[in-house]
Each structure stands twice: as structure tokens, then as C-alpha cells.
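Accompanying notes for the structure given below.
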Amino acid sequence: MPFVIPIITAVVAGIAVWIISSAYQTKVADSKISKAEDKARNIIDNAVKTSEDKKREAMLEVKEESIRTKNELDKEIRERRSEISRNERRINQKEENLDKKIETMERREQSFSAKEEQLSKREAEVARLNEQRLQELERISGLTSEQAKDYLLKTIEEDVKLDTAKMIKEMETQAKEEARKKAKEYVVTAIQKCAADHVAETTISVVQLPNDEMKGRIIGREGRNIRTLETMTGVDLIIDDTPEAVILSAFDPIRREVARIALEKLIVDGRIHPARIEEMVDKAKKEVNQIIHEAGENAVLEVGVHGIHPELVKLLGKMKFRTSYGQNALKHSIEVAQLAGLLASEIGEDVRLAKRAGLLHDIGKAVDHEMEGSHVQLGAELCRKYKESALVINAVEAHHGDVEPESLIACLVQAADTISAARPGARRETIETYSNRLKQLEDIANGYKGIEKSFAIQAGREIRIMVVPEQVSDADMVLMARDISKQIENELEYPGQIKVNVIRESRVTDYAK
């Protein structure tokens with residue numbers, strides 16, 4: 001029994017605690033629900049407020065956009081109106097100008113009409129005066145119109161005879177001109193079919209260096225390298241203040257080419273000493289000999305000539321390094337061969353034989369700096385030595401007129417050689433010679449009476465002469481042009497031909513008001 005009371009007490013206390021706890025939890029839950037409801041109402045109020053703010057902002061943006069669009073439209077409208085106003089002013093101005101032009105044209109038409117009336121009156125007056133002149137002439141001469149007509153016919157008959165004689169002479173001259181023109185056409189056809197490039201060469205070659213320090217290495221200690229190179233090649237090395245360059249000077253172009261190739265190989269190799277120089281010079285000589293051999297064979301193949309002795313082919317290759325007045329000798333020989341062949345085809349001669357003679361005509365230039373004698377004599381001896389035909393030998397001997405040509409082939413080679421040497425650009429002319437020739441041309445023209453001024457143009461191939469029209473008549477112009485041409489032919493030396501163009505002009509100036 002004593003344990004029942006505590007148990008009951010504990011149970012009652014537990015129930016009381018449970019009831020109190022439940023009441024507290026219910027109160028806490030009611031408080032949380034109340035807070036949550038307040039928070040929800042705040043969120044809803046904030047959302048409503050935010051939506052109203054955004055709505056107001058959107059409305060403001062729409063209003064601003066509409067205002068901006070309206071302003072842009074107003075600006076565009078103002079610009080359009082301004083442009084329309086400008087166009088209207090321009091149109092009005094053009095209309096005014098057009099009206100002025102129309103008025104000017106009307107005034108001119110009225111002036112022309114008045115002049116036409118005056119002209120008609122003058123024509124009538126001229127006709128009347130002419131009639132009076134005829135009557136007066138009949139009275140003074142004592143001849144009737146028929147008698148005067150007979151006299152006039154006789155006079156005209158004599159003039160016609162004189163004109164006929166002049167016409168016959170002109171026809172003869174024209175026939176000669178036609179023949180000359182035909183010959184020129186043959187030459188021009190040959191030139192047009194043959195287009196060979198020419199390289200202007202001199203007696204020096206320039207070797208580019210990677211830097212100026214290389215000059216000291218080329219000279220070597222106490223100059224032994226440069227002495228060895230000059231001794232081995234027979235070429236003078238000029239090392240001066242020219243930046244990054246060495247000049248090779250020699251009359252023999254083959255030696256100069258050997259030195260150039262050897263020096264370039266030494267520069268690339270970098271090892272420059274006497275033993276290496278000898279080795280590179282030997283290699284360069286072999287390379288140049290190979291170039292000579294290939295150049296000769298290529299020339300023979302290009303021209304289309306076969307059966308030439310190998311030594312002559314080698315000599316042709318040597319001409320690759322030979323120049324005359326800046327014109328490459330091998331290129332010149334190939335061009336002469338092509339021209340001679342084309343000219344031969346035009347007149348029905350043997351084309352291959354003409355090409356062969358043209359190719360070998362300057363073969364003596366390959367050895368004329370090694371042997372005594374002109375290149376014509378040396379070339380003929382070489383052709384005899386290597387069993388060329390008598391016709392080819394004669395063409396070689398006669399191409400400069402040393403002997404008389406014995407065949408038409410020799411004449412063709414002469415013509416082809418002249419064409420190749422005299423055509424513009426084939427040979428180089430010094431500036432001094434060129435300037436003197438232009439000055440002499442103008443001096444010759446200015447020495448005649450009635451010359452206002454003269455100009456040498458077209459690189460000295462034409463002289464344009466302006467005369468004073470009051471002092472020189474049209475008939476005088478013909479004689480003046482002929483006299484000047486003859487004086488130029490007698491006093492000047494020039495390639496090709498020079499055109500003498502005499503101009504006489506009268507100028508009348510008036511002003512439209």
C-alpha cells in the first residue's frame with residue numbers, strides 16, 4: 001500500500017505534465033501559424049507593390065519610346081522637307097539657266113538670219129560685179145567670150161601636158177616607193193617573227209657580299225688571298241667603299257665569269273685561303289666550260305642547224321660571254337640566223353643554209369681577243385679549218401663588205417646583221433652621244449629661216465619643226481623638209497631613220513559674247 005500512493009502521484013503528475021505540454025505546444029503552433037499568415041500577407045503586399053512599380057516603369061518606357069520615335073519622325077520629316085526645298089531651288093535655277101540659254105539661242109538665230117540676208121545681198125552684188133567684170137574684160141581685150149574661151153582652152157591644154165609629165169614622174173616615183181615598201185614588208189615580217197632578248201653586259205661584274213667583314217677575309221693576311229685569286233683567274237678585284245660588294249674587272253669575259261663563280265662559292269663556303277681558292281677556281285673553270293658547251297648546243301638546236309663541227313659549237317658557246325656595243329654576241333648570232341632564214345623563206349632561198357651562214361657569221365669574235373686579225377678574217381679561217389662550205393665562208397667574209405658577196409645568201413646575212421644591230425634597243429648608246437645627237441638635230445633645224453622652234457622627240461628618231469606661217473608657205477614647207485632631211489643625212493650618223501615633221505598652222509581666236 002505504501003507503493004500505491006507514489007505511483008498514483010507519478011501518474012497524476014505525468015498526466016498534468018502532458019496536458020501542460022500539449023497546451024504549450026498548441027500555443028506555440030498557433031503563434032507560428034499567426035506569424036506565417038503575417039509573413040504571407042507581407043509577401044503578397046510586396047508582390048502587389050512590385051508589380052505596380054514594374055507596370056509604372058513599363059508605361060514610362062513605352063511613353064519614352066513613343067516620344068523618341070515621334071522625335072525621329074519629326075527630324076526625318078524636317079530633313080525631307082529641307083531636301084525637297086533644295087531640289088526645288090535647284091530646279092528653279094536650272095529652269096532659269098535654260099531660259100537664258102534659250103534666249104541666247106534665239107538671239108543667235110536672229111543674228112544668223114541677219115547674216116544670211118547680208119550674205120544673200122553680197123552674193124547678188126558679187127554676181128552683178130562679175131557680170132560687169134566680164135563685160136569690161138571683153139571691152140578691154142577686144143575678144144568675145146568664145147574667143148577668150150578658145151584662148152583659155154589652149155592655155156589649159158599646155159598646163160595639162162605639163163601636169164601629165166608631172167604625173168608620169170610621180171607614177172614612176174610611186175612605183176619605186178611600192179617596191180621599197182614591199183622590201184620593207186619582207187624585213188618587217190622577218191623581224192616580227194623573230195623576238196630575241198638581249199642583255200647589256202660590260203667589262204665588270206659585281207659580286208654581292210653578305211657583309212662588309214667579308215672584304216677583309218677576301219683580302220686575307222697581307223693580301224695573300226686576293227693575290228692568289230687574281231693570279232689564278234687573271235682578273236682584277238676592286239675592293240673599295242662600295243657597301244657589301246666586290247667589283248671584278250677584266251677584258252676577257254670568260255675569265256671574269258670564272259672569277260665570279262669562284263668568289264661566290266668561296267663566300268658561301270666561308271673557308272677562304274689559297275688552297276681553297278685554287279680548288280674553287282678549278283671547279284669554276286669546269287662549270288664555265290660546261291656552260292659554254294651547253295650554250296653552243298642550245299644555240300644550234302634553237303636555230304635548227306645540224307652537222308656543225310664540235311669545235312665550232314664550242315666557239316659559239318664562248319660567244320655567250322662576248323659583247324659588242326652592249327649586244328650579246330651569241331644572242332646576236334642567233335637573231336641573225338633566224339632573220340636570215342625568214343628572209344630566205346620570203347624569196348625562196350635555202351632556209352637552212354641561210355641560218356647556218358647567219359649563225360656562223362660572227363664566229364671570229366670568239367677568238368679575236370686571243371688571236372691577231374679582225375673577227376671577219378678569223379671567222380673565215382675557222383670555217384675553212386672545220387670544212388664549212390664555200391658559200392658559208394663567203395657569207396662570213398662579206399657580211400661587213402670586206403669582200404663582194406657571191407650569192408644571195410651572203411646578201412641576206414648582210415641584211416639580217418644590219419637589222420639585228422640597228423633595231424631600237426639592240427645596242428647601247430652613251431648618254432653623251434645621245435644628247436649630242438639630239439642637240440645637233442635641233443641645231444640643224446633652227447639654222448633655217450622662218451623656224452619658230454624645233455623639238456627632237458621619239459629618242460631622236462623624229463624632229464618636229466614649227467614654222468612661222470607668215471614667213472613660210474605650204475610650198476616652202478615641202479622644200480624645207482627635204483633640205484633638212486638631206487642635211488641630216490650628210491652631217492649626222494644614226495641608226496635607222498629620222499622623221500622630219502614640218503608643221504605650219506594658223507590660229508584664229510574669237511569670243512562669243
Side-chain angles (χ1 to χ4, degrees), residues 197-299 310-311 313-332 364-372 375 378 428 430-432:
D197 295 329
H198 287 265
V199 180
E201 299 177 359
T202 60
T203 57
I204 64 169
S205 298
V206 179
V207 178
Q208 298 296 328
L209 305 179
N211 50 61
D212 285 335
E213 296 178 359
M214 186 62 68
K215 291 182 180 179
R217 299 178 62 186
I218 292 172
I219 295 171
R221 184 180 300 173
E222 298 178 355
R224 62 176 185 172
N225 289 345
I226 190 171
R227 283 198 304 273
T228 303
L229 190 56
E230 289 180 341
T231 303
M232 293 290 297
T233 60
V235 173
D236 293 330
L237 270 73
I238 302 173
I239 300 178
D240 53 15
D241 296 335
T242 305
E244 299 181 358
V246 172
I247 299 173
L248 307 178
S249 176
F251 177 75
D252 190 336
I254 296 178
R255 291 180 182 176
R256 194 169 70 247
E257 183 67 13
V258 169
R260 185 187 66 80
I261 294 174
L263 186 56
E264 288 180 350
K265 289 181 179 293
L266 288 169
I267 291 170
V268 173
D269 183 66
R271 295 172 292 174
I272 305 177
H273 52 81
R276 190 64 176 169
I277 290 172
E278 292 180 7
E279 181 182 351
M280 289 301 181
V281 169
D282 289 336
K283 287 184 178 180
K285 287 181 179 178
K286 293 178 182 178
E287 185 174 336
V288 170
N289 288 332
Q290 182 65 25
I291 292 172
I292 290 172
H293 181 70
E294 291 177 356
E297 290 185 343
N298 290 337
E311 288 298 322
V313 175
K314 183 178 179 181
L315 291 174
L316 283 172
K318 279 188 175 183
M319 291 169 65
K320 175 182 176 68
F321 302 102
R322 178 77 160 82
T323 59
S324 177
Y325 297 98
Q327 188 178 23
N328 185 277
L330 180 58
K331 294 285 188 182
H332 167 66
K365 289 184 178 180
V367 295
D368 63 348
H369 58 289
E370 301 171 357
M371 302 169 62
E372 292 185 359
H375 76 278
L378 295 174
R428 192 171 56 249
T430 63
I431 294 295
E432 183 179 0

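The analysis underlying the following values was restricted to heavy atoms, covering all of them including side chains, and did not include hydrogens, waters or symmetry mates. This is a predicted model, so every value here is computed, not measured.
The closest side-chain heavy-atom distance from Glu311 to Leu315 is not below 4.5 Å. Leu263 places none of its side-chain heavy atoms less than 4.5 Å from the side chain of Thr233. Considering only heavy atoms from C-beta on, Ile292 stays 4.5 Å or farther from Lys320 through its side chain. Between Ile239 and Val246, some side-chain heavy-atom pair lies under the 4.5 Å cut-off. For the pair Leu209 and Ile218, the minimum side-chain heavy-atom distance is below 4.5 Å. Between Leu248 and Leu237 there is a side-chain heavy-atom pair separated by less than 4.5 Å.
The shortest heavy-atom contact between Met319 and Ala366 is CG-CB, 3.8 Å. Here the shortest heavy-atom pairing between Gly317 and Ala295 reads CA-CB, 4.0 Å. Closest approach of Val258 and Lys285 over heavy atoms only: CG1-CG, 3.7 Å. Closest non-hydrogen pair, Asn225 versus Arg217, comes out as ND2-O, 2.9 Å.
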Give the C-alpha distance, both sets of side-chain angles, the deciding distance and a yes or no for side chain to side chain contact (heavy atoms under 4.5 Å, CB included) between Ile291 and Glu287. CA-CA 6 Å; Ile291 292 172; Glu287 185 174 336; 4.3 Å; yes

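A salt bridge links Arg260 to Glu257: one of the charged nitrogens lies within less than 4.0 Å of a carboxylate oxygen. Using a 4.0 Å cut-off between a side-chain N of Lys or Arg and a carboxylate O of Asp or Glu, Glu279 and Lys283 qualify as a salt bridge. Taking a cutoff of 4.0 Å between a charged side-chain nitrogen and a carboxylate oxygen, Arg227 and Glu230 do not qualify as a salt bridge.
For Asn211 (side chain) and Met214 (main-chain N/O), a donor-acceptor pair under 3.5 Å exists by modelled atom type. Side-chain atoms of Asp269 never come within 3.5 Å of backbone atoms of Lys265 as a donor-acceptor pair (strictly under, hydrogens ignored).
Under a cut-off of 6.0 angstrom, the local environment of CZ in Arg255 is sparse, with at most 12 non-hydrogen atoms contributed by other residues, nucleotides or ligands.
For the side-chain contact (heavy atoms from CB on, under 4.5 Å) criterion with Ile277, the lone passing option out of Thr231, Ile272, Asp282, Ile226 is Ile272.
Rounded to the nearest 0.5 Å, atoms CG (Leu266) and CZ (Arg271) are 10.0 Å apart.
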